[in-house]
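Only this structure's heavy atoms are used, side chains among them; waters, hydrogens and symmetry mates stay out. Source: prediction; values computed, not measured.
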Amino acid sequence: MRVYKRINYIFEVELPDCKRYFQYLLSDSTWLGGNVIAIFENKYDKSESPDKNEIVKGPVEYYCHTNINFGVELGLWKKYGNAPACSDLSDIYFRNYIDEEWIGLKCWRVWRVNEEFISFDELPVRFKDSYSTYLFSPKNVYHKIKYGRFLGQDVLSSFTKTLL
């Protein structure tokens with residue numbers, strides 16, 4: 001089943017006790033063509049049908065990369081509507097740590113959407129609050145929306161803390 005998504009589409013995630021939303025902002029050619037989404041903090045009663053423009057004005061909990069189509073196919077979320085994005089990605093940085101010993105590569109990669117990576121041996125202080133991202137599976141994004149953390153985040157956090 002092909003899902004036709006467009007930039008600024010809002011997706012609804014139905015949880016056992018509430019509904020939450022995220023917005024598709026764009027695809028990042030720098031990071032595996034992943035769909036960049038803004039996950040909103042606000043929770044809504046299951047009977048509510050919030051205004052799309054109000055949803056996107058709410059606080060953003062997290063920005064990350066995933067595959068939206070696969071999440072729809074798995075039944076983890078569905079299209080809700082479209083609204084102009086309130087997120088400005090020009091100040092959003094993503095980061096991850098590369099440890100590929102077999103080719104002698106150990107470094108931090110930092111980037112903005114659709115821009116080149118900047119590599120560092122040590123992560124500069126100004127990027128410590130950037131969003132740690134990978135191409136998260138839809139099930140992992142669902143877990144983040146439901147529980148407030150990614151699967152294995154405790155392990156990932158303890159690993160990156162030793163690097164910081």
How far apart are the C-alpha atoms of K106 and E100, what are their side-chain angles, what is the distance that settles it, and do they pass the salt bridge (charged side-chain N to carboxylate O under 4.0 Å, His left out) test?
CA-CA 6 Å; K106 289 185 175 191; E100 296 181 12; over 6 Å; no
Between E61 and K144, is there a side-chain N and carboxylate O pair less than 4.0 Å apart?
yes
For the pair K19 and E48, find out whether any cationic side-chain nitrogen is under 4.0 Å from an anionic carboxylate oxygen.
no
With a 3.5 Å cut-off and no angle check, do the side chains of W111 and D28 form a donor-acceptor pair?
yes
Y44 and S47: side-chain donor and acceptor closer than 3.5 Å?
no
Without swapping roles, check the side chain of [X] against the backbone of [Y] for a donor-acceptor pair under 3.5 Å.
{"X": "H143", "Y": "R149", "value": "yes"}
{"X": "N42", "Y": "E54", "value": "no"}
{"X": "W77", "Y": "P138", "value": "no"}
{"X": "N140", "Y": "L151", "value": "yes"}
{"X": "R95", "Y": "R109", "value": "no"}
{"X": "R112", "Y": "F94", "value": "no"}

Yes or no on side chain to side chain contact (heavy atoms under 4.5 Å, CB included) for I39 and Y63, after CA distance, side-chain angles and deciding distance?
CA-CA 6 Å; I39 300 170; Y63 294 95; over 6 Å; no
Give a yes or no on this: more than 12 heavy atoms of other residues, nucleotides or ligands lie within 6.0 Å of atom CG of D121.
no
Should we say atom CG of D129 is surrounded by more than 12 heavy atoms from elsewhere, each under 6.0 Å from it?
no
Group every Ile, Leu, Val, Met, Phe, Trp and Tyr by side-chain heavy-atom contacts under 4.5 Å, then state whether L15 and F11 land in the same group.
yes
Ring centre gap for Y93 and Y131 strictly below 6.0 Å:
no
The residue among T30, L25, I92, L26 that forms side-chain contact (heavy atoms from CB on, under 4.5 Å) with V113 is L26
Take N35 and T66 through the test side-chain hydrogen bond (donor to acceptor under 3.5 Å, both in side chains) and record every step on the way to the result.
CA-CA 5 Å; N35 304 141; T66 193; over 6 Å; no
Taking the side chain as C-beta and beyond, is there a heavy-atom pair between K78 and V72 under 4.5 Å?
no
